[in-house]
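Positions are given from 1, in the same order as the sequence printed here. For clarity, every value in this text was computed on a predicted model and none was experimentally measured.
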Amino acid sequence: MGFFAFLLLGLIAGAIAKAILPGKQGGGWFITLLLGVVGAMLGGWLGGLLFNARVDEFFSLSSWLLAIGGSILVLLIYGLITGRRSKA
């Protein structure tokens, strides 16, 4: 998978992860892109490690599921780190 295809996969996976998770997550499209790419990398790494899954094709269902799952995990961790800041 090429660099731009990986960025596109990360952006879409991050947007889908934001749509799946309840509540309002902060960050714009750039944060979505970063979290999606990190999530896609994490999902691909964990999928290869645990399930011996190949994630080298853009139109592969396993690539998309692992990228979205990784993005959800990264978004949850991001939400725990940033937390809900109260306005005082």
Side-chain angles (χ1 to χ4, degrees):
M1 186 175 347
F3 179 72
F4 290 110
F6 188 72
L7 285 179
L8 181 64
L9 175 71
L11 178 63
I12 295 170
I16 292 171
K18 277 191 171 186
I20 290 173
L21 288 177
K24 183 176 180 180
Q25 293 86 22
W29 68 269
F30 188 71
I31 295 295
T32 302
L33 174 69
L34 287 177
L35 293 176
V37 169
V38 170
M41 288 174 43
L42 178 68
W45 178 72
L46 285 175
L49 186 68
L50 298 175
F51 306 117
N52 201 22
R54 294 179 46 104
V55 290
D56 55 349
E57 294 184 22
F58 184 78
F59 292 108
S60 170
L61 182 62
S62 64
S63 296
W64 282 94
L65 292 177
L66 289 172
I68 293 169
S71 296
I72 289 173
L73 183 64
V74 168
L75 193 59
L76 287 172
I77 293 170
Y78 176 75
L80 290 175
I81 291 173
T82 59
R84 296 181 184 237
R85 297 184 181 134
S86 62
K87 296 179 182 179

Report the distance from atom CD1 of I77 to atom CG of L42, rounding to the nearest 0.5 Å. 7.0 Å
Measure across F59 and W64 and return the closest heavy-atom pair with its distance rounded to 0.1 Å. CA-NE1, 4.2 Å
Shortest non-hydrogen contact from G39 toward V74: CA-CG2, 3.6 Å
Verdict with supporting geometry, F6 and F58, side chain to side chain contact (heavy atoms under 4.5 Å, CB included): CA-CA 8 Å; F6 188 72; F58 184 78; over 6 Å; no
Write down the atom of S71, the atom of A40, and the distance for their closest heavy-atom approach. OG-N, 4.1 Å
Would you give the length of the straight line joining atom CG of L11 to atom CG of L34, rounded to the nearest 0.5 angstrom? 10.5 Å
ILVMFWY cluster, L73 and L49 together (side-chain gap under 4.5 Å): yes
Are F4 and L8 close enough, and set up right, to give a side chain to side chain contact (heavy atoms under 4.5 Å, CB included), and what steps lead you there? CA-CA 6 Å; F4 290 110; L8 181 64; over 6 Å; no
How long is the gap from CD1 on I68 to CD1 on I20, to the nearest 0.5 Å? 6.0 Å
What is the distance from atom CD1 of I31 to atom CG of L75, rounded to the nearest 0.5 Å? 11.0 Å
Joint cluster assignment, V37 & F3, ILVMFWY side-chain distance < 4.5 Å: yes
Side chain proximity check, I72 to L76, heavy atoms < 4.5 angstrom: yes
